[in-house]
Number of protein chains: 2
Amino acid sequence: MARREPLNREKVLDAALELADAEGLEGLSMRRLAKRLGVEAMSLYNHVSNKTDILDGIAERVFSQVERPDPALPWQEQVRTVALNMYRAFSRHPIVPLALVTDQSNPTSARALEPLDGLVGALFQAGFDDLGVRRALGAVNGLVLGSLLQATGGFTEALRTHADEQQVDAYIRHVDPARLPNFSRLLRHTREGVDPEADFEQMLDLLIRGLVASAPLHEV
Amino acid sequence: MARREPLNREKVLDAALELADAEGLEGLSMRRLAKRLGVEAMSLYNHVSNKTDILDGIAERVFSQVERPDPALPWQEQVRTVALNMYRAFSRHPIVPLALVTDQSNPTSARALEPLDGLVGALFQAGFDDLGVRRALGAVNGLVLGSLLQATGGFTEALRTHADEQQVDAYIRHVDPARLPNFSRLLRHTREGVDPEADFEQMLDLLIRGLVASAPLHEV
DNA sequence: ACCTGAACACCGTTCAAGT
DNA sequence: ACCTGAACACCGTTCAAGT
């Protein structure tokens with residue numbers, strides 16, 4: 001039982017991502033993270049500069065699981081692949097979209113931005129001008145984030161997660177059928193599961209079809 | 001200068017929304033809110049049950065600015081109107097989508113859910129079954145939230161907000177053109193403004209076109 | 001070089017005490 | 001009925017001190 005070998009940045013980020021996956025964004029505190037590493041909170045500052053640095057590091061790791069698309073493929077396929085892979089990577093680590101959207105993380109490293117650079121490249125290939133690329137990039141980002149965050153809490157929670165039958169029942173009783181007739185109809189009858197990723201893919205295809213239709217190099 | 005008349009729930013929510021609009025979600029603390037009301041933090045608990053209650057109250061207020069669509073209109077127009085009005089209301093009060101997505105708010109009152117009930121009603125009119133309505137509802141929600149949250153922070157911040165030229169320049173210097181060729185091209189040339197609401201509308205029309213195409217009552 | 005204890009300036013919330 | 005002070009269990013972070 002010799003003294004454990006010293007900490008380093010990688011070990012801190014490993015533990016942070018583990019903790020965040022298990023306990024969520026609000027469960028990731030410097031003090032809890034330190035405890036998990038068998039150390040005092042203040043020791044962490046020898047290896048990361050602050051909590052934002054940890055969140056950026058986590059985001060970078062997760063982004064780097066998304067590979068750059070093959071520029072030889074048709075641009076539509078490149079867009080589709082990057083978007084889907086971002087969706088999948090983020091859905092494995094929901095802390096990332098949450099931290100991005102709440103501005104707690106803002107990774108600027110090349111490693112983190114490479115998949116997005118590939119996306120931008122594909123959009124340039126489609127013939128969009130700078131403004132068009134920015135718009136299309138925003139649309140793809142918005143779709144990915146919206147699809148994921150919706151699935152991470154919010155007001156239609158009861159319609160998505162039927163894990164806890166009791167909760168849904170409580171929710172139904174809460175709903176006034178006179179004022180919310182359609183909602184209560186939906187709550188009452190919907191019991192089957194949904195597949196968020198399949199829904200995302202459907203939306204993505206819709207978006208890409210729209211991009212194709214508005215791309216300058218539509219018919220070359 | 002007589003003693004101010006006593007607080008009540010409405011005044012607390014008024015001040016909370018004001019504070020949140022001015023200082024953001026992280027600026028809204030019980031202690032700061034109390035100070036703004038000339039009172040100690042603990043007094044607030046006489047009028048709201050806790051911070052979640054405040055956030056739900058704020059969400060309810062903002063939701064109630066979105067009117068239920070006219071069920072006599074074509075369902076596509078109903079969907080379009082509700083979605084656009086939700087977008088506008090939320091963009092005036094960004095704390096609402098943020099609190100929803102981070103699960104700090106989860107309004108269940110009829111007053112808050114009425115616009116969504118209208119949306120669900122329109123989707124039933126389109127002939128979708130329960131599962132189809134849920135999917136379409138998720139798509140519309142995701143679009144609204146994604147469009148707004150993207151515009152409230154995140155990794156493409158530098159591409160959207162050109163308020164601070166210096167910041168963008170710093171960002172550009174940060175970017176390695178060898179590893180991020182397309183990104184740096186975009187950063188270098190893009191200087192004009194974007195119109196997030198117009199972009200949202202474009203995406204919304206795309207989505208609605210897709211919904212129309214997949215609606216059971218497509219050609220009646 | 002790495003770790004720690006004490007401290008600072010914050011959180012949300014409870015509870016007994018005041019009027 | 002409404003408000004308060006003190007307290008509890010948390011935050012992120014700094015700084016001087018230890019090894």
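A, B, ... follow the sequence lines: proteins, then strands. Residue 1 opens every chain. Keep in mind that this is a model prediction, so the values were computed, not measured. Side-chain atoms are counted along with the backbone in the values below, which use heavy atoms only and exclude waters and symmetry mates.
For A/A83, the side chain to side chain contact (heavy atoms under 4.5 Å, CB included) partners two or more places apart in sequence, or in a different chain, are A/V140, A/V144, A/F200, A/L204. Residues forming a side chain to side chain contact (heavy atoms under 4.5 Å, CB included) with A/L13 (at least two apart in sequence, or on another chain): A/R9, A/I54, A/R61. The side chain to side chain contact (heavy atoms under 4.5 Å, CB included) search around A/E201 returns A/R80, A/L84, A/R88, A/E197, not counting sequence neighbours. For A/R135, the side chain to side chain contact (heavy atoms under 4.5 Å, CB included) partners two or more places apart in sequence, or in a different chain, are A/L131, B/D199, B/Q202.
Contact between the side-chain N/O atoms of B/S43 and the OP1/OP2 oxygens of D/dC2 is not found at any separation under 4.0 Å. In terms of phosphate contacts, B/H47 brings no side-chain nitrogen or oxygen within less than 4.0 Å of OP1 or OP2 of D/dA1.
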For DNA chain C, just give me the dot-bracket, please: Watson-Crick or G-U, both distances below 3.5 Å, ( ) intra-strand, [ ] crossing earlier pairs, | paired with another strand, . unpaired.
||.|||||...|||||.||

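Annotation: salt bridge (Lys or Arg N to Asp or Glu O under 4.0 Å) contacts involving residues 37-52 of chain B, sequence neighbours excluded, are absent.
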Determine all donor-acceptor pairs shorter than 3.5 Å in which one atom belongs to a side chain in residues 16-23 of chain B; sequence neighbours excluded.
| from | atom 1 | to | atom 2 | distance (Å) |
| --- | --- | --- | --- | --- |
| B/E18 | OE1 | B/R36 | NH1 | 3.0 |
| B/D21 | OD1 | B/H93 | ND1 | 3.0 |
| B/D21 | OD2 | B/H93 | ND1 | 2.8 |

Can you give each donor-acceptor pair under 3.5 Å made by side-chain atoms of residues 110-120 of chain A, sequence neighbours left out, with the distance rounded to 0.1 Å?
| from | atom 1 | to | atom 2 | distance (Å) |
| --- | --- | --- | --- | --- |
| A/R111 | NH1 | A/E60 | OE2 | 3.0 |
| A/R111 | NH2 | A/S64 | OG | 3.3 |
| A/E114 | OE1 | B/R179 | NH2 | 3.3 |
| A/E114 | OE2 | B/R179 | NE | 3.1 |
| A/D117 | OD1 | B/N182 | N | 3.0 |
| A/D117 | OD1 | B/F183 | N | 2.5 |
| A/D117 | OD2 | A/R68 | NH1 | 3.2 |
| A/D117 | OD2 | A/R68 | NH2 | 3.2 |
| A/D117 | OD2 | B/N182 | ND2 | 3.1 |

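No side-chain donor-acceptor contact under 3.5 Å links A/H47 to the backbone of A/V12.
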Using atom names, set out every protein N or O paired with an N or O of nucleotides 5-12 of chain D below 3.5 Å, distance rounded to 0.1 Å.
| from | atom 1 | to | atom 2 | distance (Å) |
| --- | --- | --- | --- | --- |
| D/dC11 | OP1 | A/S29 | OG | 3.1 |
| D/dC11 | N4 | A/R31 | NH2 | 3.4 |
| D/dG12 | OP1 | A/M30 | N | 3.3 |
| D/dG12 | OP1 | A/K51 | NZ | 3.0 |
| D/dG12 | OP2 | A/M30 | N | 2.9 |
| D/dG12 | N7 | A/R31 | NH1 | 2.3 |
| D/dG12 | O6 | A/R31 | NH2 | 3.0 |

